[in-house]
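Remarks on the structure that follows.
These numbers come from the heavy atoms of this one structure, side chains and all, not from hydrogens, waters or symmetry mates.
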Amino acid sequence: MTVPPRKDWPQPDPLPEGGVLVTDVILATFRLNARLMEAAQDLAAHGGLTAAWWQVLGGVLDEPRSVADVGRIMGVSRQGVQRIADLLVDRGLAEYRPNPAHRRAKLLACTEAGYWAIRQISVAQHPFAEKLSADLDLDELRTTLATMQALITRLEEA
């Protein structure tokens, strides 16, 4: 790639306040995500899992789903979920079941061992969440959640 001299670079339009704030939210989200992934690794270890395994199992706790559906729910690639799903099945934490809606796309389901691992994590995660939320304004947390969900929706619709 040839890079022109800086004097020839295009100048971006100035950002309005909303653009500046969204950019700051994105940067703060990157930083928050890094801290949350560290915490998730520590919490997942209570169940003998990794954060990624916990995330995939979390996608099938309430009902069996296809790997593609888990990927959509969790916001990760189908290929990444497939690799982890195969590991979870190999370790007896999940199983594949026939999918009445699709002959080739089997459903991933949590096994009793998987539910046990998640329960072990929950025992550690509940006090963690309580401590993290202590002294935070609940209305502000609700607003934060609603804003994050709105941003997710806009990005998914783009």
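You'll find the side chain of I118 reaches within 4.5 Å of the side chain of S122, heavy atoms only. Within the 4.5 Å cutoff, the side chain of V89 has heavy atoms near those of the L108 side chain. Between Y115 and L93 the shortest side-chain heavy-atom distance does not fall below 4.5 Å. At least one side-chain heavy atom of D86 sits less than 4.5 Å from a side-chain heavy atom of Y96.
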Donor-acceptor pairs under 3.5 angstrom involving side-chain atoms of residues 58-71: please list them, not counting sequence neighbours.
from: D62; atom 1: OD1; to: R65; atom 2: NH1; distance (Å): 2.6
from: D62; atom 1: OD1; to: R65; atom 2: NH2; distance (Å): 3.4
from: D62; atom 1: OD2; to: R65; atom 2: NH2; distance (Å): 3.1
from: R65; atom 1: NH1; to: G59; atom 2: O; distance (Å): 2.6
from: S66; atom 1: OG; to: D69; atom 2: N; distance (Å): 3.0
from: S66; atom 1: OG; to: D69; atom 2: OD2; distance (Å): 3.2
from: D69; atom 1: OD1; to: R72; atom 2: NH2; distance (Å): 2.3

Distance-only check: which donor-acceptor pairs under 3.5 Å involve side-chain atoms of residues 42-52, not counting sequence neighbours?
from: T50; atom 1: OG1; to: A52; atom 2: N; distance (Å): 3.4
from: T50; atom 1: OG1; to: W53; atom 2: N; distance (Å): 3.1

If you look only at distance, which donor and acceptor atoms sit under 3.5 Å apart when one is on a side chain in residues 150-158 and the other is two or more places apart or in another chain?
from: T153; atom 1: OG1; to: Q149; atom 2: O; distance (Å): 3.0

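If you take OG1 on T143 and CE on M148, they are separated by 13.0 Å, rounding to the nearest 0.5 Å. To the nearest 0.5 Å, the span separating CG on L36 from CZ on R31 amounts to 12.5 Å.
The hydrophobic cluster of L21 has no other members, since no ILVMFWY side-chain heavy atom comes under 4.5 Å of it. F30 belongs to a hydrophobic cluster whose other members, connected by ILVMFWY side-chain contacts under 4.5 Å either directly or through intermediates, are V22, I26, L27. When hydrophobic residues (I, L, V, M, F, W, Y) are linked wherever their side-chain heavy atoms come within less than 4.5 Å, W116 remains an isolated member.
Environment of CD in Q79: crowded, with over 12 heavy atoms of neighbouring residues, nucleotides or ligands closer than 6.0 Å.
Between L57 and C110 the shortest heavy-atom distance is CD2-SG, 3.8 Å. Residues L136 and L132 approach most closely at CD1-O, 3.5 Å, considering heavy atoms.
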Evaluate the criterion side chain to side chain contact (heavy atoms under 4.5 Å, CB included) for residue pair V81 and M74; output intermediate values, then yes/no. CA-CA 9 Å; V81 174; M74 297 299 166; 5.7 Å; no

Please lay out, stage by stage, how V3 and M1 fare under the test side chain to side chain contact (heavy atoms under 4.5 Å, CB included). CA-CA 6 Å; V3 178; M1 170 197 299; 4.2 Å; yes

Carefully, step by step, assess D137 and L141 under the rule side chain to side chain contact (heavy atoms under 4.5 Å, CB included). CA-CA 6 Å; D137 183 275; L141 279 176; over 6 Å; no

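Residue pairs meeting the salt bridge (charged side-chain N to carboxylate O under 4.0 Å, His left out) criterion with at least one member in residues 49-58, sequence neighbours excluded, do not occur. Annotation: salt bridge (charged side-chain N to carboxylate O under 4.0 Å, His left out) contacts involving residues 103-130, sequence neighbours excluded, are absent.
Scanning for side chain to side chain donor-acceptor pair (under 3.5 Å) contacts around R35 gives E38, with sequence neighbours left out. Residues satisfying the side chain to side chain donor-acceptor pair (under 3.5 Å) test with D139, not counting sequence neighbours, are R142. In this structure N99 satisfies the side chain to side chain donor-acceptor pair (under 3.5 Å) test with no other residue, sequence neighbours excluded. Residues passing the side chain to side chain donor-acceptor pair (under 3.5 Å) test with R97, sequence neighbours excluded: E95.
Both L88 and V76 sit in one connected hydrophobic cluster of ILVMFWY residues. Membership requires side-chain heavy atoms under 4.5 Å apart, directly or through other members.
The backbone N or O of P4 lies less than 3.5 Å from a partner atom in the side chain of W9, making a donor-acceptor pair.
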